[in-house]
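Reminder, nothing fancy here: chain letters follow the sequence lines and each chain counts from 1.
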2 protein chains.
Amino acid sequence: MQNILLGFLSKYITLTPEEKDAIFSLDIFHLFKKGTTLLKEGQKTKESYFVLKGCIRTYYVIDGEEKTTAFYAELEGVTPPCVLTQTPSDYYISCTEDSIVLISDAEMGAVVNAKFPRFETLCRIFSEELLAKQQIDFDAFKTSSPEQRYLNLIQKRPDLIQRVPQHQLASYLGIKPQSLSRLRARIIERKS
Amino acid sequence: MQNILLGFLSKYITLTPEEKDAIFSLDIFHLFKKGTTLLKEGQKTKESYFVLKGCIRTYYVIDGEEKTTAFYAELEGVTPPCVLTQTPSDYYISCTEDSIVLISDAEMGAVVNAKFPRFETLCRIFSEELLAKQQIDFDAFKTSSPEQRYLNLIQKRPDLIQRVPQHQLASYLGIKPQSLSRLRARIIERKS
DNA sequence: AGCATTTCTTAACTTAAGTGAACGAGTGGA
DNA sequence: TCCACTCGTTCACTTAAGTTAAGAAATGCT
């Protein structure tokens with residue numbers, strides 16, 4: 001498992017043995033099997049999750065049904081709202097694939113901020129950009145039909161359609177799996 | 001008009017004549033009539049809008065139809081995504097009521113940041129909180145039906161239902177005005 | 001390989017939103 | 001004051017999503 005992490009990291013940076021030791025003693029990188037739950041509803045956490053490899057999803061359980069609201073794949077990350085509100089989480093986070101996830105902590109952030117003030121600027125810019133992106137996504141969702149949302153997803157995130165189960169995709173699009181099947185059949189029908 | 005601004009401000013802080021002059025020379029506060037457009041589609045801007053009194057809305061025009069995606073009332077604000085992406089705006093911003101709006105500029109932010117480093121921390125926290133709120137709202141929208149969204153709106157933003165025209169509310173809920181009428185009739189029917 | 005489980009699709013039926021049109025109430029302007 | 005216009009509601013009809021059920025296909029486990 002450590003080899004997988006090191007192999008992955010070596011694609012990006014060259015590490016001295018000391019640095020490798022330092023990284024593992026930091027206990028920041030984690031390898032999870034597909035299906036592993038990182039956060040459960042009702043649980044309190046101060047952790048943020050950043051995906052290096054694989055894919056994780058956030059979902060609510062409403063009336064016994066899973067409602068997937070977001071996917072985070074390579075180089076994407078989440079800080080659950082409950083981290084900021086200091087309340088139990090409203091949703092679950094779990095891995096849709098075997099994944100390497102960087103897990104960081106509010107306290108860790110504070111330590112880094114104290115050492116490197118420029119890190120704060122980075123975080124502000126990062127979070128402002130995320131906010132803008134999220135706003136655009138939200139607007140796109142509101143102003144389009146399920147079918148348009150699906151067609152849009154094909155354009156913007158073709159990988160998701162391949163790697164994620166249909167029923168999770170469906171709830172991500174705000175519809176039932178049966179409706180997604182039908183909708184896809186409709187699109188293919190129209191093409192031919 | 002300056003009296004209205006001063007009257008409003010005096011509820012919160014006491015100002016010396018010099019400060020009053022300083023405020024107006026800053027040219028930060030603006031009074032707009034209902035219906036005034038602050039930002040047009042295709043326009044470039046570096047401005048953020050913060051509502052002190054009244055209410056503004058953001059909307060797209062898609063196939064000649066207005067699609068309202070957000071309302072900002074007292075003590076709420078927006079930075080349009082186009083400010084960050086440096087591209088022409090995709091949407092309009094206009095006043096749904098006579099409003100007092102604080103308009104600030106990316107450059108102004110930089111100046112303030114340089115003078116007061118703690119201001120950066122404030123901005124980061126503010127934008128992280130906004131991000132969390134937005135995420136919660138987005139999730140709530142995705143996981144609920146138009147009717148649930150309307151019922152939710154009654155709980156969370158009862159003021160909007162009173163002060164905003166139905167057809168804008170409808171598009172904010174992601175439906176047509178006729179559907180909103182029907183939906184409301186359905187709810188009343190069920191109560192009795 | 002064989003069995004159980006999950007996942008995806010199809011179908012028939014129900015429910016709710018979209019569409020186009022008409023009507024009355026309210027609003028603003030000449 | 002009167003006219004035109006906007007706004008909200010209602011109705012009839014269309015379209016698409018929800019629901020329930022069944023079966024085929026893929027997956028996982030032993």
Side-chain angles (χ1 to χ4, degrees), chain A residues 33-37 55 57 59-68 71 94-98 141-154 160-192, chain B residues 33-37 55 57 59-68 71 94-98 141-154 160-192:
Chain A
K33 285 266 165 221
K34 175 178 174 176
T36 308
T37 298
C55 186
R57 64 187 250 263
Y59 63 98
Y60 295 73
V61 175
I62 297 174
D63 299 332
E65 257 188 66
E66 289 187 8
K67 304 250 188 181
T68 299
F71 295 100
S94 79
C95 301
T96 60
E97 303 175 358
D98 293 353
F141 191 92
K142 270 199 197 173
T143 57
S144 57
S145 65
E147 185 176 323
Q148 288 172 316
R149 295 202 280 264
Y150 178 71
L151 292 169
N152 186 49
L153 196 64
I154 293 176
L160 279 189
I161 289 155
Q162 299 311 316
R163 69 205 287 188
V164 162
Q166 298 288 316
H167 66 277
Q168 287 175 14
L169 263 191
S171 93
Y172 179 64
L173 294 170
I175 57 177
K176 301 286 166 197
Q178 296 92 320
S179 297
L180 179 55
S181 277
R182 194 164 33 192
L183 178 159
R184 296 173 70 202
R186 206 160 60 215
I187 292 168
I188 292 167
E189 174 67 24
R190 211 155 33 204
K191 270 190 194 165
S192 59
Chain B
K33 286 263 164 224
K34 175 177 174 179
T36 308
T37 298
C55 185
R57 65 188 249 263
Y59 64 97
Y60 295 74
V61 174
I62 297 174
D63 300 332
E65 258 189 64
E66 288 188 7
K67 304 250 188 180
T68 298
F71 295 99
S94 77
C95 302
T96 61
E97 302 174 358
D98 292 354
F141 190 93
K142 271 200 199 173
T143 56
S144 56
S145 65
E147 184 175 322
Q148 290 172 314
R149 295 201 282 266
Y150 178 70
L151 292 169
N152 187 49
L153 197 65
I154 292 176
L160 279 189
I161 289 155
Q162 299 310 318
R163 70 207 285 189
V164 163
Q166 298 289 316
H167 66 278
Q168 287 175 14
L169 262 189
S171 96
Y172 178 65
L173 293 170
I175 57 177
K176 301 287 166 197
Q178 297 92 320
S179 297
L180 179 55
S181 276
R182 193 163 33 194
L183 179 161
R184 296 174 70 203
R186 207 160 59 217
I187 291 169
I188 293 167
E189 173 66 23
R190 209 154 33 203
K191 269 191 194 164
S192 58

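Note: CD (A:E66) to P (C:dT6) measures 12 Å, nearest angstrom. Nucleotide D:dG8 holds its C1' atom 13 Å from the CD1 atom of B:I188, rounded to whole Å. Straight-line distance from the OH atom of A:Y150 to the C1' atom of C:dC8: 13 Å, rounded to whole Å. One can place CD of A:E65 at 13 Å from P of C:dT7, the figure rounded to the nearest angstrom. Residue A:I175 contributes atom CD1, which lies 12 Å from atom P of D:dT19 at whole-angstrom precision. Note: CD (B:Q166) to C1' (C:dA25) measures 14 Å, nearest angstrom. In this structure, B:E189 places its CD atom 11 Å from P of D:dT10, rounding to the nearest Å. Across the protein-nucleic acid pair, A:I161 atom CD1 and C:dC8 atom P stand 13 Å apart, rounded to whole Å.
Taking five base pairs at each end of the helix from C:dA1-D:dT30 to C:dA30-D:dT1 and finding the rotation axis that steps the C1' atoms of four pairs onto the next four gives two axes whose angle is 50°, to the nearest 10°.
In plain terms, the two heavy atoms of A:T96 and A:K34 that are nearest each other are O-CG, 3.6 Å. Considering all non-hydrogen atoms of both residues, A:T143 and A:Q148 come closest at O-OE1, 4.2 Å. Annotation for A:S94 and A:Y59: closest pair OG-CE2, 3.5 Å, computed over non-hydrogen atoms. For the residue pair B:I154 and B:I161, the shortest heavy atom distance occurs at CG1-CD1, 3.3 Å.
Judged as a salt bridge (charged side-chain N to carboxylate O under 4.0 Å, His left out), and not counting sequence neighbours, the contacts of A:R163 are A:E74, A:E97, A:D159.
Comparing D:dT19, D:dT10, D:dA17 by their nearest atom to the side chain of A:L183 picks out D:dA17. In the set D:dG8, C:dC8, D:dA17, D:dA17 carries the atom at the smallest distance from any side-chain atom of A:P146. Comparing atom distances between the A:R182 side chain and each of D:dT19, C:dA17, C:dT9 picks out D:dT19 as nearest. Here the side chain of A:Q178 is nearest to one of C:dA17, D:dA17, C:dT9, namely C:dT9. The nucleotide whose nearest atom lies closest to any side-chain atom of A:S181 is, among D:dG18, C:dT10, D:dT10, C:dT10. Listed nucleotides C:dT19, D:dG18, C:dA16 differ in distance to B:R186; the shortest reach to its side chain belongs to C:dA16.
Contact between the side-chain N/O atoms of B:S179 and the OP1/OP2 oxygens of C:dG18 is found at a separation under 4.0 Å. Contact annotation: A:H167 side-chain N/O to C:dC8 OP1/OP2 distance is under 4.0 Å.
B:S171 places a side-chain N or O within 3.5 Å of a backbone atom of B:T68 that can act as its donor or acceptor partner.
Evaluation of the salt bridge (charged side-chain N to carboxylate O under 4.0 Å, His left out) test over residues 171-185 of chain A, restricted to residues two or more places apart or in two chains, returns A:E65-A:K176.
Sequence order on DNA chain D of the closest nucleotides to A:E147 and B:L180 puts B:L180 first from the 5' end.
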